[in-house]
Q: 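First the structure, which I've put down as structure tokens, then a few questions once you've had a look.
Here the structure is a predicted model, which means the values were calculated and not measured. For the single chain, residues carry numbers from 1 onward in sequence order.
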Amino acid sequence: AVVSTQSTGDVKCVACEVFVETLQVLVRLNASENEIVGLITKACIVLKIEDERVCSYITEEFRDEFITVALRLILHPAWLCYAAIGPSCGEPPDIFNFWNITIPGNKPAPQPLVRPQDGLPTLKVVQLSDVHVDLEYKPGSVKECGEPLCCRDGKGVAEDQAGYWGSLNASCDIPIRTYKNALEFISKDIQPDLIFWTGDIPAHNVWKQSRAEQLQHIQITADLLSQHLPDITVYPSLGNHESSPVDSFPPPGITTEHLSNSWLNHFIQKIWSRWLPPESLHTIGYAGYYAVQHSEKLRIISLNTQYCDNLNFWLYLNNTDPGNMLQWLVSELTWAELRGVKVIVLGHIPTGRSDCMKAFSWNYYRIVDRFESTVVGQYMGHTHQDHFALMYSEESDHHPTGFQFISPSLTTYSNLRPSIRVYTLDGNHRKSTYRPLKSETWLLDLNWANEKNETNWELEYDSVSAYNMTWLTPDTMQQLYQRFKQDRSFFNKTFWKYKFHEQPDSPCDDTCYKYNLCEMITGRSRDPNICKDISLDEQEEFFLRHKMC
């Protein structure tokens, strides 16, 4: 149901819709781009979406995309206000057509999973996600500046000074030295076999970024990764912050030079070629996704999940399987199934989140269901927090078919300690499952580092000691969810503490507890039947579907 801004009484949302309707009149009257951008800037300032400086820059940043897509389509004002202000403006009407890809039948009956015996080969994998390196970070600068990203300008006083290694309780990303230090720790202490690098490299100065700046971040961080771990294979994925403007990922059909995303796809094609074989590069240049055969019985598939991002306005023109990626995924998984090859899927945006478009999410959910015996791992990021999302059979919501690890971030943004996720996978042997046996989360003690000017990475927890889990499969994660549901004290002592690395601003109240339980079983976005066994009132249901933790 559409939640009207009139009924919520949100004056800012009502004013926003008036501005949008005025803009659409200007478009129909063939007003100049400068007139349109001027009114958008004024709306941003009047509605206090950001301060005047940020509003001026961000409207120029999004000029081409916004005018070409959002206004020319004459979208319902509720959609644009929902994107600009957030869920407080109510749920906008669903303007997108639902679509389905073709998935083969004859699903093999899933066989019971048996944990591998101890002593067999394993693979140690590091997941680096949401590094958000700020090349303009300045120690001693102001931590809270009133803009989306701080720790860059001015001189802070006492508690308001940006730390040398990073800053908590602030809207700040990490300096390059902290990224380097993380790589040194990974190289010396973790010594991984593989790295999953799941996107979001540039800083959060989204109101003033350029293509050149984004490419500089990608180049520098990739070069440092190669220098510190020269013999380690890295499997990267694109994040929504890699583009300029942020979230702007035109599908391949958009070919106009100043609008197309070829500038980014061709650059990462070149950068990632140091780790990936030539046969995987074509689809990267085409649309930012790829598949690679890691070993005889393991294939890695990296998706461009920005093709489900509901802030990617290019999808409002046509959101039907952008780049033909999901149909390609089905072909890849069919090929793997026929040969007994297992597949690990990498991406950035978790596909069950409300910011992943419904049709994409539901189709991906169907794919995982159909190929549950082939897809043995899904590794995502984006939220900066430490959690997971289960997926279920379409025939039985009691049978879990898969789950997504959602990795914590290396950046501190916002108020999170820098984190590194490590997995131990069942490794190369004749009957390998390539499923995770254990996960670990390592944290940088930032207060100590800033005070002593020396770094100390600490093991926050591992799944064996914290949860008494001998390995991590859909069934064991379902059992963990049930335990959280039955034992709130256990939830508070473990999951709630680890999700924010002991940094939550407040205890987890009843609505928060319901939200987190619901989030654990939400592998499909905007599903009206999710969490039907959790007692929710109407307000809580809206919160659960739209709140970004």
Q: Evaluate the side-chain proximity of V330 to Q327: yes if any heavy-atom separation is below 4.5 Å, no if none is.
A: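 Yes, close enough: below the 4.5 Å cut-off.
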Q: Do W263 and L215 come within less than 4.5 Å of each other through their side chains, counting heavy atoms only?
A: yes
Q: What's the shortest heavy-atom distance between Y179 and T221, and which atoms?
A: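 So the two residues come closest at OH-O, 2.8 Å.
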Q: What residues, two or more places apart in sequence or in another chain, satisfy side-chain hydrogen bond (donor to acceptor under 3.5 Å, both in side chains) together with E213?
A: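 Expected list: N205.
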Q: Give every residue pair that meets the side-chain hydrogen bond (donor to acceptor under 3.5 Å, both in side chains) criterion with at least one member in residues 317-326, sequence neighbours excluded.
A: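 Residue pairs passing side-chain hydrogen bond (donor to acceptor under 3.5 Å, both in side chains), neighbours aside: N318-T320.
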Q: What I want to check is whether the side chains of S237 and S302 have a donor and an acceptor closer together than 3.5 Å.
A: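 Judged by distance alone, the side chains do pair up.
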Q: Ignoring hydrogens and geometry beyond distance, is a side-chain donor-acceptor pair present between N181 and T455 at under 3.5 Å?
A: yes
Q: Could you tell me whether the side chain of S361 and the main chain of T351 form a donor-acceptor pair under 3.5 Å?
A: yes
Q: Quick one: closest heavy-atom pair of I344 and Y434, and the distance?
A: CD1-O, 4.4 Å
Q: Taking side chain to side chain contact (heavy atoms under 4.5 Å, CB included) as the criterion, tell me which of N310, D309, L326 meets it with F360.
A: L326
Q: For P436, enumerate each residue passing the side chain to side chain contact (heavy atoms under 4.5 Å, CB included) test, keeping only those at least two apart in sequence or located in another chain.
A: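 Expected list: Y379, F405, L425, L472.
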Q: Which residue, H382, H384, H132, forms the side-chain hydrogen bond (donor to acceptor under 3.5 Å, both in side chains) with D200?
A: H132
Q: Scan residues 365-378 for pairs that pass side-chain hydrogen bond (donor to acceptor under 3.5 Å, both in side chains), counting only residues two or more places apart or in two chains.
A: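 Non-adjacent pairs meeting side-chain hydrogen bond (donor to acceptor under 3.5 Å, both in side chains): N100-R366, K107-D369, K107-E372, E337-R370, N363-R366, Y364-Q378, E372-H399, Q378-Q404.
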Q: Do Y235 and W272 make the cut of ring centroids closer than 6.0 angstrom?
A: no
Q: Between S244 and E61, do the side chains contain a donor N or O and an acceptor N or O under 3.5 Å apart?
A: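 E61 vs S244: donor-acceptor pair found between side chains.
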Q: Considering residues at least two apart in sequence or located in another chain, which fulfil the side-chain hydrogen bond (donor to acceptor under 3.5 Å, both in side chains) criterion with D223?
A: Q219, R274
Q: The test is side chain to side chain donor-acceptor pair (under 3.5 Å); show your working for H501 and S419 and say whether it passes.
A: CA-CA 9 Å; H501 321 309; S419 305; 2.9 Å; yes
Q: Could you list all the disulfide bond (SG atoms under 2.5 Å apart) pairs where at least one residue sits in residues 263-351, not counting sequence neighbours?
A: C308-C356
